[in-house]
Colleague: 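Before we start, here is the structure in question, set down as structure tokens.
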Amino acid sequence: MRTSVAAVLLVGAAQGVGAFMPSAAPCLRASGSSRAVCAASKQAVVMQEQGQASRREAIGTAFAAGLATLIPGRSVDAAGLAFGYGANVNEVNAQLTAYGLKAINEVPGGFKPLIQAVGGQVGANVDGSKIIDSIGSIVTEGGLKVGERLLILFNYPGGWIVSLPTLTANGESGTVSAGNYVKGDSLVVTAKNLKDASTPLETYDVKFYEDMLLQQISQSQQQGFKLIKKTKVEPIDGQETMDIEYKYDLFVNGNALGRHGYAKVVKVGNSVVALGAQTTDGRWKKNKEDLAKATGSFRAHIVKAEFESKKSGVSINTDIKNDAGGL
């Protein structure tokens with residue numbers, strides 16, 4: 001009986017937040033050598049106004065509470081872990097050390113670290129004629145060499161739900177994200193390949209940043225993208241880096257909802273990788289500090305797909321999640 005109740009809770013939770021998850025498809029393109037423009041099949045991260053969200057919030061809280069009672073020793077704050085992801089600072093630093101990268105010093109109170117290697121795979125083939133590009137397939141196409149991966153690292157609020165790319169026999173789909181989808185808060189990693197990697201990031205126009213940061217949202221579902229601020233900051237491990245503040249309107253059921261966010265943008269090889277952190281206009285003042293903490297922690301590095309476990313003292317699997325939800 002205990003197992004069956006857990007299954008019901010998990011299914012209900014998945015259905016309850018499914019509409020709020022970022023799309024697994026940054027863009028569609030024709031398979032083979034012919035390349036098509038990104039199709040409008042990208043799904044928006046659907047949010048509702050605070051009044052509309054109250055019922056979903058109550059349901060989500062009930063599911064989280066139920067999950068907490070079914071997972072011994074784990075609290076509601078461990079929602080990310082309950083939904084299939086969990087890493088602590090020691091584990092993250094073990095991986096960074098094995099890759100020869102700088103360790104993280106600390107994680108802010110209430111936050112957890114997320115580390116994930118992506119790339120080295122083609123985008124998922126939908127029906128034999130269309131390819132769904134993933135975060136990994138984009139950077140792979142951008143010039144990752146055989147045996148290389150893109151390592152993504154950032155901190156996220158501990159109670160948020162984590163979503164990782166999915167790998168099946170048809171290829172890789174999705175991106176790395178975390179969110180409080182009932183409230184309309186999200187962290188989403190996006191990427192865009194550069195025609196000329198020597199061009200400074202500050203010279204790119206508004207359209208470039210709009211296309212990259214709103215990869216998950218079709219053109220018909222958003223409008224009015226604005227760059228509020230674009231600042232060149234200290235490079236991350238020698239990689240050119242920009243801080244962005246932006247706004248846009250998201251259409252939900254015919255209504256335009258204001259969205260406001262920060263982004264950390266890093267040039268990695270022939271690609272630009274970004275962590276976009278956004279919320280609703282109504283929640284911006286309350287949450288902008290946490291969003292800034294998340295983007296401030298963002299790092300992206302090209303690493304080798306394999307390394308010796310003896311360097312870190314632990315056995316580390318860099319594979320992404322498969323379609324069965326395992327690692």
Side-chain angles (χ1 to χ4, degrees), residues 71 73-75 77-120 135-136 139 144 147-167 174-180 186-191 234-239 241 262-266 268 273-277 290-322 325-327:
I71 304 175
R74 296 177 185 176
S75 67
D77 186 56
L81 183 59
F83 282 87
Y85 182 86
N88 60 44
V89 174
N90 290 336
E91 292 168 341
V92 168
N93 281 335
Q95 295 193 41
L96 292 174
T97 299
Y99 283 122
L101 298 172
K102 182 174 63 176
I104 56 177
N105 294 324
E106 60 181 20
V107 174
F111 281 71
K112 295 180 179 179
L114 188 157
I115 187 168
Q116 182 68 33
V118 300
I135 181 70
V139 296
L144 284 186
E148 289 183 337
R149 298 290 184 271
L150 177 71
L151 189 70
I152 292 168
L153 173 68
F154 62 88
N155 299 327
Y156 68 98
W160 288 16
I161 295 172
V162 171
S163 178
L164 302 176
T166 299
L167 178 61
T175 187
V176 179
S177 66
N180 180 348
S186 64
L187 304 172
V188 182
V189 178
T190 57
E234 183 177 349
I236 297 177
D237 295 334
Q239 301 171 127
T241 305
Y262 290 131
K264 178 76 73 177
V265 182
V266 183
V268 185
V273 185
L275 176 66
D290 281 349
L291 298 181
K293 287 179 181 178
T295 57
S297 68
F298 181 64
R299 291 164 56 181
H301 304 275
I302 294 176
V303 298
K304 296 294 183 182
E306 298 179 357
F307 50 79
E308 297 179 13
S309 61
K310 65 181 181 181
K311 292 181 181 179
S312 63
V314 295
S315 177
I316 301 170
N317 185 352
T318 60
D319 291 338
I320 61 176
K321 292 180 68 176
N322 60 34
L327 283 176

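What's counted below: heavy atoms across the whole structure, side chains too, no hydrogens, waters or symmetry copies.
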Colleague: Who are the side chain to side chain contact (heavy atoms under 4.5 Å, CB included) partners of Ala277, not counting sequence neighbours?
Modeller: Leu187, Leu291, Thr295
Colleague: Quick one: closest heavy-atom pair of Ala191 and Ile135, and the distance?
Modeller: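 Scanning both residues, the minimum pair turns out to be CB-CD1, 3.4 Å.
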Colleague: Taking Thr175 for the side chain and Val189 for the main chain, is one N or O donor matched with an acceptor at less than 3.5 Å?
Modeller: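 Yes, the answer is positive, given that a donor and an acceptor are paired below the 3.5 Å cut-off.
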Colleague: Could you tell me whether a side-chain N or O of Gln95 sits under 3.5 Å from a main-chain N or O of Val92, the two making a donor and an acceptor?
Modeller: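 No: the side chain of Gln95 does not pair with the backbone of Val92.
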Colleague: Kindly compute the distance separating NZ (Lys304) from CD (Glu148), expressed to the nearest 0.5 Å.
Modeller: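 These two atoms lie 5.0 Å from each other.
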Colleague: Mind checking side chain to side chain contact (heavy atoms under 4.5 Å, CB included) for Pro108 and listing every partner two or more places apart, or none if nothing turns up?
Modeller: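 Listed in chain order: Phe111, Asn155, Lys293.
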Colleague: Quick one: does any side-chain atom of Gln239 pair with a main-chain N or O of Arg299 as donor and acceptor, under 3.5 Å?
Modeller: no
Colleague: Apply side chain to side chain contact (heavy atoms under 4.5 Å, CB included) to Leu151 and list each qualifying residue two or more places apart in sequence or on a separate chain.
Modeller: Leu96, Tyr99, Leu101, Ile115, Ala117, Val303
Colleague: What pairs with Tyr262 under ring-ring contact (aromatic ring centres under 6.0 Å, His included), at least two apart in sequence or on another chain?
Modeller: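 Once residues adjacent in sequence are excluded, the partners of Tyr262 under the ring-ring contact (aromatic ring centres under 6.0 Å, His included) criterion are Trp284.
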Colleague: Using 0.5 Å steps for rounding, measure from the OG atom of Ser163 to the CD atom of Gln116.
Modeller: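 So the gap between those two atoms works out to 10.5 Å.
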Colleague: When rounded to the nearest 0.5 angstrom, what distance separates OH in Tyr156 from OG in Ser186?
Modeller: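 Here the interatomic distance stands at 15.0 Å.
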Colleague: Report the distance from atom CD1 of Ile104 to atom OG of Ser297, rounding to the nearest 0.5 Å.
Modeller: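 Ile104 CD1 to Ser297 OG: 8.5 Å, rounded to 0.5 Å.
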Colleague: Is the closest side-chain heavy-atom distance between Thr241 and Lys264 below 4.5 Å?
Modeller: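 Answer yes - side chains close enough.
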Colleague: Leu150 and Ala300: which non-hydrogen atoms are nearest, and at how many Å?
Modeller: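 Reported closest heavy-atom pair: CD1-CB, 4.2 Å.
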Colleague: Contact between Phe298 and Ile236 at the side-chain level, heavy atoms closer than 4.5 Å - yes or no?
Modeller: no
Colleague: Nearest 0.5 Å, please: how far is CG in Leu153 from CG in Leu114?
Modeller: 8.0 Å
